[in-house]
Colleague: 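Okay, here's the structure, questions in a sec.
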Amino acid sequence: MVCAPQFQKLYKIETKRLILVVGILFPIIVVLLSSSLSLPYGDVLQSLLSFKSVMVRQSNVVHNSNSTSSSMVNDTEVIINQENEIRVQDKDPNNDDQLEEEEEDQTSDFESDKTVNETSTVGSAEFEDNTKSDHSSSSLTSRNITNSEANFVSEPLFVSSPVDAETHSTISSEFDVDLSKSNVSTKTQNSSVGESATDTFPENQSSVQSHVDLVQSTKNSSMTSNNSTKAKRLGRVRPISISEMNKLLHQNRLHSHAMIENAPIVNSGRELYAPLYRNISMFKRSYELMENMLKIYIYNEGDKPIFHHPNLKGIYASEGWFMKLLERNKQFVVKNPLEAHMFYLPFSSLVLRKTLIQPHWVLAEYLKNYVELIAGKYRFWNRTGGADHFLVACHDWALEETKKYMGTCIRALCNTDAARSFKIGKDVSLPVTYIRFEDNPVRSLGGKPPSKRPFLAFFAGSMHGHVRPILLRHWENKDPDMKIFGRLPPSEKPSYVQYMKSSKYCICAKGYEVHTPRVVEAIFHECVPVIISDNYVPPFFEVLKWETFSVFILEKDIPNLKNVLLSIPKKKYLELQSRVKKVQKHFLWHKNPVKHDVFYMTLHSIWYNRVFQISV
């Protein structure tokens, strides 16, 4: 009984402690629960807005947006193909004829195959976006990043998470090359740039000049800092085969989500043909989730013509068509960034190259300034280090331009060299679609049936890169079944397109870079593509099973090309050709997107890769 008051006192003390602990933990639990419940994915896909950056490395925090790194050139690693150095030597920045390395390749030949009356051309105004006409005129200079911005955050303005050009163990041979000897002029180019920009975009002269002034100052500070910039260069190494790419894709899947990976087995139905896909059930389920869930915010920042000004014609038109169709889309695009799962960086790599006409490392610095702008104005970039942002770029240089400062983004690129900085499982392979008729991109679609294709194989094109000269040396005018040419003259009959429509196999030999528009052209004209481009990751690689409708031949096997093709049984060829017709829908642009067309497939691959990056 004597101890009773002591126990009573101790009980009161412990009770107070318990109440204190509960009082501290309760609001924390409430905040965590509310944060989880506010996500559009609920408890299934925990967060496309996750604060964790997956498959990317966080480093190099830039604390001051007003400073432009004077050592940018010294830090930039320029990966150059062993066989040529076109990005800094063969392609002169001052030579407009080389801006698009294959832009004029066989263009005139296509003109001779016109079957549609061109007088009924639809004006480009019909295609204009009525839902989004005004964009911010924010200059990319750091003066716009101020404490007065409504969405300014106190975090570091720019988290750069570069994805270094690490190669796999089979492609590790590297050595240095001195780029200071490259033929890059350091003199002022404002007048010549202004003239070029005026011819292309006369309505944006003042905007173009501001871009030129910005990048010229960037270039001057960068070039004077260190004229002996060094870069890594790949030696002659073993190429990555398509089967090895398949293994890399599997290895790079960190975590899968049950709703996609464990999707119920379904019949492909009439819309989709199951053998074309890695897993038809996963694709259908993922596509449905994208349609029902995905929300995208498009940054308004960025001046025309580099931003928000799509190019809809030519070899690099894929990036322009995607930009145009997404900016006018109402299903996926939201005006409130807080509702978005992903964020689109709306620039054109082609227009960037044409407008500024500068070396690629200067263009990379320009893009860095843009990232600093959005990272300073909004909180979303720093939240994931850019992992939930994406870009769509088709120019040859985009692979290098975006590597250092946008390397953590999901990059949909045409230049998909697996031996360089393209990351299988994170980045997306964008089809190179040569759009010749802006008013009707599917004009002249199709080809002859297999029984009316008399030629075994066909190729024609300019002698870009090192592979095509080898192809012609072995096969030009050597065999009547092998229609292998250089550049066809405009008066040539049959024409380029007629040859494609009349050949069993269409040779898709790389040019300066691994990508070529002939892959999609072959599919467009129902000709089985024969891809001769080591380390090329074909479009929509995470979804499509390319071996089921195309043929891959290593560059070293060019001398044996005909024997390889003849070794394919007729039954197998007919199967390949039939599947080319079935997969064709995925490579077509429409002025109004159609389910499973190239617009939706590109968006799906971006979404799909992001979902599989998320750690749960």
Side-chain angles (χ1 to χ4, degrees), residues 56 59-60 62 65 67-80 85-89 91 93 99 140-142 157-165 179-180 182 184 186 189 193 211-212 214-227 229-233 302 306-307 316 319 345-375 381 385-386 389-415 417 420-423 427 513:
V56 295
S59 62
N60 298 341
V62 178
S65 66
S67 63
T68 300
S69 174
S70 62
S71 61
M72 180 276 300
V73 176
N74 193 42
D75 294 337
T76 303
E77 293 181 344
V78 185
I79 306 301
I80 305 175
E85 299 178 6
I86 57 167
R87 282 170 295 282
V88 293
Q89 292 178 345
K91 290 185 180 180
L99 289 180
L140 300 191
T141 54
S142 55
L157 294 184
F158 171 39
V159 178
S160 174
S161 307
V163 178
D164 296 330
L179 294 185
S180 63
S182 61
V184 179
T186 58
Q189 301 177 1
V193 174
H211 291 306
V212 173
L214 169 62
V215 88
Q216 187 63 40
S217 63
T218 299
K219 176 188 174 185
N220 290 340
S221 64
S222 299
M223 293 294 288
T224 56
S225 65
N226 192 340
N227 289 327
T229 303
K230 291 186 177 181
K232 293 181 181 178
R233 179 180 177 183
I306 294 175
F307 295 86
Y316 305 114
E319 64 178 24
L345 306 173
F347 74 95
S348 166
S349 61
L350 170 63
V351 180
L352 174 66
R353 174 75 179 95
K354 277 190 168 183
T355 304
L356 301 185
I357 316 180
Q358 300 289 343
H360 65 86
W361 56 79
V362 179
L363 304 185
E365 186 77 0
Y366 182 88
L367 293 178
K368 172 198 171 188
N369 292 340
Y370 180 73
V371 173
E372 286 183 336
L373 171 65
I374 61 172
W381 178 278
H389 289 57
F390 70 94
L391 59 91
V392 178
C394 197
H395 193 272
D396 300 359
W397 288 16
L399 181 66
E400 294 301 326
E401 291 168 358
T402 60
K403 177 183 68 175
K404 186 169 186 179
Y405 302 113
M406 294 180 170
T408 54
C409 300
I410 294 176
R411 302 179 300 164
L413 302 170
C414 290
N415 189 357
D417 192 335
R420 288 162 63 191
S421 65
F422 184 86
K423 299 297 180 183
D427 296 328
E513 301 288 355

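Computed from a predicted model, the values in this text were never measured in an experiment.
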Colleague: Measuring from Ser349:OG to Leu413:CG, what's the distance to the nearest 0.5 Å?
Modeller: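 Going from OG on Ser349 over to CG on Leu413, the span is 8.0 Å.
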Colleague: For Glu401, give me all partners under side-chain hydrogen bond (donor to acceptor under 3.5 Å, both in side chains), at least two apart in sequence or on another chain.
Modeller: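 In terms of side-chain hydrogen bond (donor to acceptor under 3.5 Å, both in side chains), with neighbours along the sequence ignored, Glu401 is linked to no residue.
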Colleague: Pick one: which of Lys368, Gln358, Glu400 meets side chain to side chain contact (heavy atoms under 4.5 Å, CB included) with Leu363?
Modeller: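 Single side chain to side chain contact (heavy atoms under 4.5 Å, CB included) partner of Leu363 among Lys368, Gln358, Glu400: Gln358.
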Colleague: For Thr408 and Gly385, indicate whether the former's side chain and the latter's backbone hold a donor-acceptor pair under 3.5 Å.
Modeller: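 Yes, because the side chain of Thr408 sits within donor-acceptor range (under 3.5 Å) of the backbone of Gly385.
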Colleague: Where do Tyr370 and Pro346 come nearest, in terms of heavy atoms and distance?
Modeller: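 The answer is OH-CD, 3.6 Å.
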Colleague: Once the angle between the rings of His395 and Tyr316 is folded into 0 to 90°, is it parallel (under 30°), tilted (30 to 60°) or perpendicular (over 60°)?
Modeller: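 Taking Tyr316 first and then His395, their aromatic rings sit tilted (interplane angle of 30° to 60°).
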Colleague: With rounding to the nearest 0.5 angstrom, report the CH2 to CE distance, Trp381 to Met406.
Modeller: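 Going from CH2 on Trp381 over to CE on Met406, the span is 6.0 Å.
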Colleague: State the NZ-OG distance between Lys354 and Ser348, to the nearest 0.5 angstrom.
Modeller: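 If we round to the nearest 0.5 Å, Lys354:NZ and Ser348:OG are 9.0 Å apart.
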Colleague: What distance do Leu350 atom CG and Cys394 atom SG have between them, rounded to the nearest 0.5 Å?
Modeller: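 It comes to 8.5 Å.
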Colleague: Going by the rule ring-ring contact (aromatic ring centres under 6.0 Å, His included), which residues pair with Phe347 if we only count those two or more places apart in sequence or in a different chain?
Modeller: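 ring-ring contact (aromatic ring centres under 6.0 Å, His included) check on Phe347 returns nothing, list empty.
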Colleague: Walk me through it: do Leu399 and Arg411 pass the test side chain to side chain contact (heavy atoms under 4.5 Å, CB included)?
Modeller: CA-CA 9 Å; Leu399 181 66; Arg411 302 179 300 164; 4.0 Å; yes
Colleague: With heavy-atom distances below 4.5 Å as the criterion, would you say the side chains of Leu391 and Thr402 are in contact?
Modeller: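 Yes. Closest side-chain heavy atoms under 4.5 Å.
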Colleague: Could you pull out the closest heavy-atom pair between Cys409 and Asp427, with the gap in Å?
Modeller: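 Closest pair (atom of Cys409, atom of Asp427, distance): O-OD1, 3.7 Å.
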Colleague: So how far is it from Glu513 CD to Asn415 CG, rounded to the nearest 0.5 Å?
Modeller: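 Those atoms lie 4.0 Å apart.
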Colleague: Nearest 0.5 Å, what's the CG-CG distance between Leu367 and Leu373?
Modeller: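 Those atoms lie 12.5 Å apart.
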